[in-house]
Amino acid sequence: MFEFLLRMGDNTLVLGHRVSEWCGHAPVLEEDIALANIALDLIGQTRLWLGLAGEVEGQGRDADALAFRRDAWDFRNLLLVERPNRDFGHTLMRQFLFDLWHLDRLADLCRSADERVAGIAKKCVKEADYHLERSKDLIIRLGDGTDESHARMQAALEALWPYVGEMFTDDALDMEMADKGIAPLPSAQRARFGAALNGVLSQAMLTRPESDFARQGGRTGTHSEDLGHMLATMQFLQRAYPDARW
Amino acid sequence: MYAQEVKSTGRGVKTPEEMSAQERAFQARIDAGEKIEPKDWMPEGYRKTLIRQISQHAHSEVVGQLPEGNWITRAPTLERKAILLAKVQDEAGHGLYLYSAAETLGVSREELITDLLAGRAKYSSIFNYPTLTWADIGAVGWLVDGAAIVNQVALQRTSYGPYSRAMIRICKEESFHARQGFDIMMKMANGTAAQKAMAQDALNRLWWPALMMFGPPDAESVHSAQSMAWKIKVMTNDEGRQKFVDQTIPQIEYLGLEVPDCAARLNPETGHYSFTDPDWSEFFAVLKGNGPCNADRMRARNKAHDEGAWFREGLLAHAEKHQQAAE
Amino acid sequence: MASDWPLWEIFIRGQYGLSHRHVGSLHAPDAEMAMLNARDVYTRRNEGVSIWVVKSADITASAPSRKGPMFDPSNDKTYRHPTFFDIPDDVGSM
């Protein structure tokens, strides 16, 4: 259960951090403000998931201890969310792919046998619903915008495509969660995701990559080099001044 | 303040005899406390001065995202990260409200931003100073937003309707900004020895630039008189600075930190503090582009704008395609 | 400039039962994005339950120079206001 909650909370923690990196640097003020709202939602969700994780673990670690005092190999997020921002197209495509999975996942979790999980999911699902509306609208517009915006979105899709499969891979922990009625198997989402994705990509004039190669490892703690750098920045103060309270 | 050196028409204030009938009627409305609205007749000088002032204010909000944004990815707890992000997001919002107010005067946001990015427009000198430690985030919120609010509260009474309404909204939203800064400072000042040292260091570095935010002394501020008559400006530079010092020194004492100005004294008769002037030659150097971060700030804004061009154009192209399809 | 998105005026209903009120403006490429931007920019503090967005260029405003002829004539029609009529207290509330 602890690991399962880390998988949920680390996704929002890492993606929230990535999105917050844009603050003050987005292409237009309206977008800067909208991205900050998304990051704020994700940080808020992180506090709920990791807060519950700390409670379940029962070793006195709160959400901050889990966020700022674990090393990369203890993180359980999808590799997708730690991908660097690169250009705005990568950022939006990463957001869209995550939102499409996330909303569906949260909708499932609203029916979890664990009331605490269902409670958090019910709060987060409305936020995810809005995130998807926004990211989907932008993907469609940029895919079907100028030649350049189309090319950038197609390139972003191809670059991020290898990280999509990890969202739907089942492992022993997933089986256990499914058996207990806490969370359905990730693989059960695959068909729904695919259908919704195809709908958006066709409106966006984007081509779904054919490869079914799926890079794995994030959910079990084998991450990319990028996560270590992100944590070095994020955890700096807590690591440099371990006795301080902030 | 956020508009520290707004050039006005350059001429002095006209006497009623020198004014045209239209100008006299306009001045009478302002004197009566009426708000001027976008389509009303206004002297060209009023319009131009307002555009300069509101756009400098807007640029300051947008550039002002950068020094605080510098610490969003390093905020020490999830709650601090959320608070700081929300605060910096508010600055973007305030920039947006102010650009919108300027746009009612017949300029586009794009023109104003083009001027900023080309280095032709000014923004507050304060944002050309770096944020070096987490305590700077506390000190910026507390001192910089504290100074800004002194001026912005007064500007709610400004004569131009859209500007006044933007300021009312901004003041409402800003009320938590200075408080969150002070809250950080309290934690730091009462924290470990290292935290306390950071707090004092941040105060020492930012005190003088905060005083400069109010602009040069009234005696040297050539553009004030006309702006005061038009109620574009509603408080002189020195008045604002005095108010800020009076409210801030007791707060420094509450924190148990040392006042960076060892000559500052409370005059029990007036109830005001006397204080040392900041180094005005430094102020003018920063305005001219020689502050510690001017070049970095402009590089960051230009990069965001240039690299975002394809995004803005892509969305516009899509909208145009669909409009054509609908027609 | 070519890449400048059009300006939109934003109206928000603060609570059920109240009218939409003008809160400000913003830029957006089209109406749908204007709606999303309005949500993100103008309802960060729980300020609304409904949003209208209108392209600024589509608004027709009365001219200030016509203020007299437009609005003064209604000044002297005091009989349109309830206080114009003296109803004896005995009649009760009306």
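Computed over heavy atoms, backbone and side chain alike; hydrogens, waters and symmetry mates excluded.
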N/O donor-acceptor pairs between chain B and chain A, cut-off 3.5 Å:
{"residue": "B:Q65", "atom": "NE2", "partner": "A:D32", "partner atom": "OD1", "Å": "3.4"}
{"residue": "B:P76", "atom": "O", "partner": "A:Q238", "partner atom": "NE2", "Å": "2.7"}
{"residue": "B:L78", "atom": "N", "partner": "A:D64", "partner atom": "OD1", "Å": "2.9"}
{"residue": "B:R80", "atom": "NE", "partner": "A:W246", "partner atom": "O", "Å": "2.8"}
{"residue": "B:R80", "atom": "NH2", "partner": "A:W246", "partner atom": "O", "Å": "3.1"}
{"residue": "B:K81", "atom": "NZ", "partner": "A:H17", "partner atom": "ND1", "Å": "2.8"}
{"residue": "B:Q89", "atom": "NE2", "partner": "A:I33", "partner atom": "O", "Å": "2.8"}
{"residue": "B:Q89", "atom": "NE2", "partner": "A:N37", "partner atom": "OD1", "Å": "2.7"}
{"residue": "B:R109", "atom": "NH1", "partner": "A:E30", "partner atom": "OE1", "Å": "3.0"}
{"residue": "B:R109", "atom": "NH2", "partner": "A:E30", "partner atom": "OE2", "Å": "2.6"}
{"residue": "B:Q195", "atom": "NE2", "partner": "A:R245", "partner atom": "O", "Å": "2.8"}
{"residue": "B:R301", "atom": "NH1", "partner": "A:G24", "partner atom": "O", "Å": "2.7"}
{"residue": "B:R312", "atom": "NH1", "partner": "A:P27", "partner atom": "O", "Å": "2.7"}
{"residue": "B:H318", "atom": "ND1", "partner": "A:D144", "partner atom": "O", "Å": "3.1"}
{"residue": "B:K321", "atom": "NZ", "partner": "A:D144", "partner atom": "O", "Å": "3.3"}
{"residue": "B:K321", "atom": "NZ", "partner": "A:D144", "partner atom": "OD1", "Å": "2.9"}
{"residue": "B:K321", "atom": "NZ", "partner": "A:G145", "partner atom": "O", "Å": "3.0"}

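Scanning all heavy atoms of the two residues, the minimum distance from A:I43 to B:A82 falls at CG2-CB, 4.2 Å. Looking at every heavy atom in both residues, A:G24 comes nearest to B:L66 through O-CD2, 3.8 Å. Heavy atoms only, all atoms of each residue included: A:P27 and B:G308 are closest at CB-CA, 3.4 Å. Counting all heavy atoms, side chain and backbone alike, A:A26 lies closest to B:A304 at O-CB, 3.9 Å.
Using a 4.5 Å cut-off between heavy atoms, B:M186 does not touch chain A at all. Interface residue B:L78: backbone and side-chain heavy atoms are both found under 4.5 Å from chain A. Proximity to chain A is limited to the backbone of B:A75, based on heavy atoms less than 4.5 angstrom apart. Residue contact with chain A, scored on non-hydrogen atoms closer than 4.5 Å, is absent for B:V63. With a threshold of 4.5 angstrom between heavy atoms, A:M153 approaches chain B through side-chain atoms but not through N, CA, C or O. Looking at A:F88, both its backbone and its side chain come within 4.5 Å of chain B, counting heavy atoms on both sides.
Shown are A:L35, A:L40, A:V19; of these, the side chain to side chain contact (heavy atoms under 4.5 Å, CB included) with B:L85 is made only by A:L40.
Looking only at heavy-atom pairs under 4.5 Å with chain B, the residue among A:L13, A:L138, A:I33 that has the most is A:I33. Comparing B:A86, B:G95, B:A194 by heavy-atom pairs within less than 4.5 Å of chain A, the highest count is held by B:A86.
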